[in-house]
Undergrad: 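I'd like to ask you about the structure that follows.
Quick note on labels: first sequence line is chain A, next is B, and so on, each numbered from 1. Owing to the predicted nature of the structure, the values given are computational and were not obtained by experimental measurement. Below, all heavy atoms of this structure are taken into account, side chains as well, without hydrogens, waters or symmetry copies.
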Amino acid sequence: MARWLLKSEPTSYSWDDLVRDGGTEWDGVRNPTARINLRAMKTGDEAFFYRSVQEPAIVGIARITREAQPDAKDPNWVSVRVEPVRELTPVSLKSIKSEPKLAAMELLRQSRLSVAPVREEEWELIIAMANA
DNA sequence: GCCAACGTTGGC
DNA sequence: GCCAACGTTGGC
């Protein structure tokens, strides 16, 4: 199973919105690199839900429930379906940056990328940080 | 095809 | 509010 990270500004779509909805179409992504990542997602893959801008942090885990299909608003782009798995004790961007083992994370390397891969060892370390 | 100008994202 | 990173647009 592959691991991912999905960014969202809480003012546009928050973790609580995802929980309330029980699942959502992850659409509106308009970046070529992010599109490559969306297309690589398989049903059952898991993704960190990252809250950007306001108190940036990883705040939950979501699951991909349908692979990429053309975005309803513009077929040149794609969307996937996601649903919430569980909330996490927030792991702040600050704590991610302060952990040397996470220095290679795509989140840090390309800070504007809204759909990014996460390595298995990074995933497990962040889960451990949330549980600490 | 190059690159300057401009717009957007997102951390601080 | 500022600014760095980076993507897009458009003149040449």
Side-chain angles (χ1 to χ4, degrees):
Chain A
M1 189 208 310
R3 314 287 199 175
W4 308 95
L5 181 145
L6 296 170
K7 274 190 201 179
S8 186
E9 293 189 40
T11 53
S12 74
Y13 197 79
S14 70
W15 170 258
D16 287 345
D17 291 332
L18 183 63
V19 170
R20 180 201 63 210
D21 294 346
T24 196
E25 195 69 22
W26 205 262
D27 56 10
V29 174
R30 296 290 184 269
N31 172 283
T33 307
R35 179 173 56 191
I36 289 169
N37 293 331
L38 285 174
R39 283 181 171 150
M41 290 179 177
K42 302 290 185 193
T43 300
D45 284 358
E46 289 186 331
F48 285 134
F49 189 102
Y50 177 85
R51 175 182 66 205
S52 67
V53 182
Q54 293 172 23
E55 298 179 71
I58 289 168
V59 297
I61 296 176
R63 178 182 291 116
I64 310 306
T65 58
R66 199 213 61 240
E67 295 179 14
Q69 69 178 32
D71 189 315
K73 295 195 188 70
D74 184 343
N76 292 318
W77 301 95
V78 300
S79 65
V80 297
R81 184 101 195 150
V82 303
E83 67 181 33
V85 175
R86 66 183 175 100
E87 190 170 352
L88 292 175
T89 303
V91 178
S92 68
L93 178 61
K94 189 177 174 185
S95 62
I96 292 168
K97 282 186 167 177
S98 65
E99 171 51 63
K101 290 176 183 156
L102 297 176
M105 275 193 86
E106 294 308 306
L107 173 68
L108 303 182
R109 292 173 52 93
Q110 196 173 337
S111 66
R112 286 182 49 189
L113 186 58
S114 64
V115 183
V118 175
R119 294 173 189 85
E120 184 65 24
E121 60 271 26
E122 294 165 347
W123 180 275
E124 289 171 8
L125 181 52
I126 288 166
I127 300 284
M129 290 163 74
N131 291 335

Undergrad: Out of curiosity, Asp17(A) CG to Thr24(A) OG1, how far, rounded to the nearest 0.5 Å?
TA: 8.5 Å
Undergrad: Do Trp26(A) and Phe49(A) have their ring centres less than 6.0 Å from each other?
TA: yes
Undergrad: Test your reading of the model: is there a side-chain donor-acceptor pair from Asn131(A) to the backbone of Ala128(A), 3.5 Å cut-off?
TA: no
Undergrad: Can you check whether Ser79(A)'s main-chain N or O pairs, donor with acceptor, with Arg66(A)'s side chain at less than 3.5 Å?
TA: yes
Undergrad: For the pair Asp21(A) (side chain) and Gly23(A) (backbone), establish whether a donor and an acceptor sit closer than 3.5 Å, ignoring hydrogens and angles.
TA: no
Undergrad: Compare every heavy atom of Leu108(A) with every heavy atom of Lys97(A), then report the nearest pair and how far apart it is.
TA: CG-CD2, 3.7 Å
Undergrad: At what distance, to the nearest 0.5 angstrom, does CG of Leu125(A) lie from CD of Glu121(A)?
TA: 9.5 Å
Undergrad: Is it the case that the side chain of Arg119(A) and the backbone of Leu102(A) share a donor-acceptor pair, with hydrogens and angles ignored and the cut-off at 3.5 Å?
TA: no
Undergrad: Would you jot down, in residue-number order, the residues of residues 71-82 of chain A having a non-hydrogen atom under 4.0 Å from DNA chain B?
TA: none
Undergrad: Tell me, which of residues 98-114 of chain A have any heavy atom that sits under 4.0 Å from an atom in DNA chain B?
TA: Ser111(A), Arg112(A)
Undergrad: Identify whether any heavy atom of Lys97(A) sits under 4.0 Å from a base atom; if not, whether one sits that close to sugar-phosphate; answer base, sugar-phosphate or nothing.
TA: sugar-phosphate
Undergrad: Name every residue in residues 6-14 of chain A that has at least one heavy atom under 4.0 Å from any atom of DNA chain B, in order of residue number, or write none if there are no such residues.
TA: Lys7(A)
Undergrad: Looking at Glu99(A) and Lys101(A), would you say the former's side chain and the latter's main chain have a donor-acceptor pair under 3.5 Å?
TA: yes
Undergrad: Verify, without hydrogens or angle tests, whether Arg35(A) (side chain) and Leu38(A) (backbone) share a donor-acceptor contact under 3.5 angstrom.
TA: no
Undergrad: Could I get the full list of side-chain contact (heavy atoms from CB on, under 4.5 Å) partners for Ser98(A), not counting sequence neighbours?
TA: Ser95(A)
Undergrad: According to salt bridge (charged side-chain N to carboxylate O under 4.0 Å, His left out), who are the partners of Lys73(A), at least two apart in sequence or on a separate chain?
TA: Asp27(A)
Undergrad: Can you give the first and last nucleotides of DNA chain B, 5' to 3', that have an atom under 4.0 Å from a heavy atom of chain A?
TA: dG7(B) to dC12(B)
